Amino acid sequence: MRLSKSFIPTLKENPSEAVIPSHILMIRAGLVRQLSAGIYSWLPLGYKVLRKIMDIIREEMNNIGGQEFHFPGLNPKEIWEQTGRVEAFGDILFHVKNRDYVLAPTHEEIVAFHAKGEIVSYKDLPQIWYQIQTKFRNEPRPRSGVIRGRQFIMKDAYTLDKDEAGLDVGYALHDKAYRAIFDRCGLKYFVVGASSGAMGGSKSEEFMVKSDAGEDTVAYCEKCGYAANVEVAQSVSQAVERQNESKDVFEIHTPNVKSIDDLCTFLNINENQTAKSRVYINDDKPILVLMLGNDEVNETKLANVLSGNVRPAHPDELKEISGADAGSIGPIGFKYRIIADKLLKDGNNLYSGANKNDYHIGGIDLMRDVPNIEYFDLRTVESGEKCIRCGSQLDVFKAIELGHIFKLGTKYSEALGVMYLDENGKEKPVVMGSYGIGVERILACYIEQNYDEKGIIWKDPLSPFDIHLIALNMKNSLVKETSEKLYRDLQKEGFEVLFDDRIEGSAGIKFNDADLLGMPVQIIVGEKNLKENKVEIKNRRTGNKKVVELDKLIDSFQEIF
RNA sequence: CGGGGAGUAGCUCAGCCCGGCUAGAGCGCUUGGUUUGGGACCAAGAAGUCGCAGGUUCGAAUCCUGUCUCCCCGACCA
């Protein structure tokens, strides 16, 4: 493709709306343009990469027996009401104003709709159905460019099986396909155990890429490979040690002591002699959550332990509930349910709030003084703690979710009546699995992992072109003729070539654009080297350059890499 | 939804606090010329209802009120 005739609008300066490297570079290199918050247009160069990603996904999905569909984005609202997901999605679901339609955020309902009445026998199973299609979600806050958008391209797949054993097979096939896809795209990723959340179902795993731009936090053990979303991650950590003798409870005046740190400084005590209090509202009833020292409450774990709705109490509710404001609340005299993290189990001689502003209480023995206390795993794993599996140090960091695989079970087939007859003529619900990949996230994550201060660094197979051919001065007839011939010859050899044949533009502009766009190989045709019948080739990733004779050009590709 | 920031030329921004003539810069763009191995130079030029609406004022990019949009942090997120 000739740059002179292409729409590849590059930018010299960083766009003001972008913050993370991949987003900045996708705009600067002319891959995308924003239309509105969380809504992006793909420009030709960006879409070329996206198509390469989609081709890889197709190949790997077809390899595991997937059949490609294309379901509508516009869905009757009624079918979403049958599974209760109009309510479950709430404001995330886009509603059409002038007809009872919704814009589909995922397609379990539609898969079940088409399976119903057509998948009628165990002989019809198993099935793997997939599509690569646009999804719509009314995200309250889109961010990080295409990483969280209101409209995005997803590869979504669904398995239909007769039983759990069949689902296990389909799930394993997707695990395999996903690894193949992300490997081929050249991504460094890892797999974590995850919470199934509002999707329902039993087992779920996420494919993650480490990134500060990520919205998930994961705990990862380098040594044994233990990896889990912090929503569910566990670690081995030091529990409180019960001392032989319990002191009596005593009150201490602690003016302006608002945090555990303040308290430890004020009394010159250790963090693990203290219990931090957090008040939550569980279905309109207050509940006190006690954590050891400065441990943070993991709200996902808390929600899994408590049934019903859980939210933190508002600051103005605290006084009425406990008699004190945040910083002075504690278990002694607290009138409602009290639960505690298991690290606090049976602790004694502890310090905590007195439920009276500017006072704390010491000498607390949870066994003696808080008889109805219940213990659960409620804490959030932190970096440096010991791996629950092998005991070595855990690393905790942010990550971007590339893909998610779920064992759904029969939630949707039962709600929508997708039944089949088994070998014994007995009617049973079809067992489903659901599997998603954020297609644009693959591209964004690739760039997050492959860029430098000059721009993007592509490699096969995602690179939009194999070679960036730069003619330094197209007004020089030798440069023009040579580069035009090279352009034809390289394409004949089967290379995809981007040809900077612009007449205007200094060498600097062309070099900088080539580095920004990031094709793996640059071929530079200039007067200087042509005098000796030579051209220069450059490896974009390493920056290595080599001047080679024209007729040995293609052979030289191997050497520079 | 809570907190913070920003909307002025295609892009990046200054001007606003402290109202005052014809609203600025750099980059980009157009025309002509010079230049051509790391974002060149000279000359001439096009381009902005200062997000929108209302108000105060002799006079508003600037002050006030309302509103929309975008970005960041948080909440939320299959």
Side-chain angles (χ1 to χ4, degrees), chain A residues 9-20 23-24 27-28 30 33-39 83 85 88-93 104-109 135 137-145 147-150 152 154 156 158 194-201 204-206 213-217 229 231 299-300 303 311-312 314-315 400-401 403-408 411-412 433-438 454-455 470-476 479-480 500 502-516 522 524-531 534-536 538 543 545 547:
Chain A
T10 57
L11 297 178
K12 195 164 149 185
E13 288 175 287
N14 286 350
S16 59
E17 78 255 30
V19 174
I20 65 167
H23 189 200
I24 291 170
I27 296 169
R28 283 194 54 207
R33 284 293 183 268
Q34 186 178 42
L35 180 62
S36 177
I39 307 178
T83 54
R85 290 222 288 183
F89 272 108
D91 199 42
I92 295 289
L93 189 65
T106 175
H107 277 83
E108 283 80 9
E109 277 78 359
K135 298 285 186 272
R137 295 182 191 181
N138 186 24
E139 295 292 347
R141 183 156 97 80
R143 74 190 86 180
S144 304
I147 287 173
R148 178 161 293 272
R150 294 204 169 118
F152 58 96
M154 181 189 254
D156 46 324
Y158 307 88
S195 165
S196 337
M199 287 293 287
S204 115
E205 284 174 304
E206 293 167 324
E215 297 176 273
D216 289 273
T217 308
N229 198 305
E231 290 176 349
E299 294 187 1
T300 306
R311 65 164 174 86
H314 301 304
I400 296 168
E401 178 187 341
H404 204 159
I405 57 182
F406 291 94
K407 290 188 179 178
L408 285 180
K411 175 177 170 177
Y412 298 93
S434 156
Y435 316 85
I437 290 178
K454 285 290 199 177
I470 300 168
L472 281 183
N473 180 6
M474 284 294 278
K475 285 177 185 164
N476 177 297
V479 170
K480 181 173 162 60
D500 192 343
R502 290 176 295 184
I503 296 165
E504 308 265 329
S506 66
I509 286 175
K510 293 189 172 191
F511 287 136
N512 281 304
D513 268 352
D515 288 344
L516 174 63
Q522 295 171 14
I524 299 139
V525 182
E527 276 175 80
K528 198 175 80 184
N529 288 321
L530 273 185
K531 282 176 190 157
K534 287 177 175 173
V535 294
E536 182 177 309
K538 175 177 153 181
K545 297 173 188 173
V547 177

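Chain identifiers are assigned alphabetically (A, B, ...) following the order of the sequence lines, protein sequences preceding nucleic acid strands; residue numbering begins at 1 within each chain. This structure is a prediction, so every number in the text was calculated from the model and none was measured.
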What interatomic distance, in whole Å, is found between P of B:rC77 and the corresponding atom of B:rG54?
42 Å
When both distances are under 3.5 Å in a Watson-Crick or G-U wobble arrangement, the nucleotide paired with B:rA43 is B:rU31
Exercise. May I ask you to test the A:Gln522-A:Asp515 pair for a side-chain heavy-atom distance under 4.5 Å?
Key: yes
B:rG39 OP1/OP2 closer than 4.0 Å to side-chain N/O of A:Ser506
no
Applying the 3.5 Å cut-off to both distances, the Watson-Crick or G-U partner of B:rG59 turns out to be none
**Request:** Quote, to the nearest angstrom, the P distance that separates B:rA9 from B:rG48.
**Result:** 10 Å
A:Lys12 atom NZ is separated from B:rC29 atom P, nearest whole Å, by 10 Å
| Would you say A:Thr300 and A:Asn229 make side-chain contact, with heavy atoms under 4.5 Å? | no
Any heavy-atom pair between the side chains of A:Pro15 and A:His23 that's under 4.5 Å? no
Decide yes or no for A:Arg148 and A:Arg141: does some side-chain heavy atom of the first lie under 4.5 Å from some side-chain heavy atom of the second?
no
On a whole-Å scale, what distance lies between the C1' atoms belonging to B:rA23 and B:rG15? 8 Å
Exercise for review: For A:Lys135, report the nucleic acid contact type (base, sugar-phosphate, nothing); a contact means any heavy atom under 4.0 Å.
Suggested key: nothing
Per atom distances to the A:Ser36 side chain, the nearest of B:rC70, B:rG39, B:rG37 is B:rC70
| said: If I pick the P atom on B:rU57 and the same atom on B:rC64, what distance separates them, to the nearest angstrom? | reply: 16 Å
Expressed in whole Å, how much space separates the C1' atoms belonging to B:rC16 and B:rC63?
-> 10 Å
Looking only at B:rA40, B:rC70, B:rU12, the nucleotide nearest the A:Ile509 side chain is B:rA40
With the side chain defined as heavy atoms from C-beta on, A:Val19 is closest, among B:rC27, B:rC72, B:rG38, to B:rC72
Exercise. Considering only NZ, NE, NH1 and NH2 on the basic side and carboxylate oxygens on the acidic side, decide whether A:Arg85 and A:Glu108 come within less than 4.0 Å.
Key: yes
Of the candidates B:rG37, B:rC13, B:rU35, the side chain of A:Lys475 sits closest to B:rU35
- Task: Would you indicate whether the side-chain heavy atoms of A:Phe89 and A:Asn138 approach each other to under 4.5 Å?
- Result: no
B:rG2 -> Watson-Crick or G-U wobble partner, both distances under 3.5 Å, gives B:rC73
A:Glu13 CD to B:rG26 P, in whole Å, measures 13 Å
A:Arg141 CZ to B:rC76 P, in whole Å, measures 13 Å
Taking for A:Glu401 and for A:Lys534 the nucleotide of RNA chain B with the nearest heavy atom, the one nearer the 5' end belongs to A:Lys534
Taken to the nearest whole Å, CD/A:Glu139 to C1'/B:rC1 is 15 Å
Between A:Ala18 and A:Ile27, the two heavy atoms sitting closest are CB-CD1, 4.0 Å
Out of B:rC70, B:rU36, B:rG38, minimum distance to the side chain of A:Glu527 belongs to B:rU36
From the candidates B:rG37, B:rA75, B:rU12, the one with an atom nearest any side-chain atom of A:Pro140 is B:rA75
What contact category does A:Asn476 fall into here, base, sugar-phosphate, or nothing, at under 4.0 angstrom with non-hydrogen atoms? nothing
When A:Asn473 and A:Leu516 are each assigned the nearest nucleotide of RNA chain B, the 5'-most assignment goes to A:Asn473
To the nearest angstrom, the CZ-C1' distance between A:Arg150 and B:rC70 comes to 11 Å
**Request:** Using a heavy-atom cut-off of under 4.0 Å over every strand shown, decide if A:Thr10 touches base, sugar-phosphate, or nothing.
**Result:** nothing
Check your understanding: Which part of the nucleic acid, if any, lies within reach of A:Met154 when heavy atoms closer than 4.0 Å are counted: base, sugar-phosphate only, or nothing?
Key -> base
B:rG55 and B:rC18, which share atom name P, separated by this distance in whole Å: 24 Å
Against the side chain of A:Arg143, the closest entry in B:rC76, B:rG26, B:rG38 is B:rC76
Please give the distance between the P atoms of B:rA40 and B:rG26 as a whole number of Å. 16 Å
Pairing partner of B:rG48, by Watson-Crick or G-U wobble and under 3.5 Å for both distances, is none
Of the listed B:rC77, B:rG38, B:rC71, the closest approach to the A:Glu215 side chain comes from B:rC77
Which part of the nucleic acid, if any, lies within reach of A:Asp91 when heavy atoms closer than 4.0 Å are counted: base, sugar-phosphate only, or nothing? nothing
Under a 3.5 Å limit on both distances, the Watson-Crick or wobble mate of B:rC18 is none
Rounded to whole Å, CD of A:Gln34 lies from P of B:rG7 at a distance of 17 Å
Rounded to whole Å, the CD1-C1' distance (A:Ile20 to B:rC72) equals 13 Å
#### Entry: B:rU30 to B:rC73 separation - P atoms, rounded to the nearest Å
38 Å
Which of B:rC70, B:rG39, B:rG38 is nearest the side chain of A:Glu17? It is B:rC70
If pairing means Watson-Crick or G-U wobble with both distances under 3.5 Å, then the partner of B:rG26 is B:rC11
Against the side chain of A:Asn512, the closest entry in B:rG26, B:rC72, B:rG38 is B:rG38
Is the closest side-chain heavy-atom distance between A:Pro9 and A:Arg33 below 4.5 Å? yes
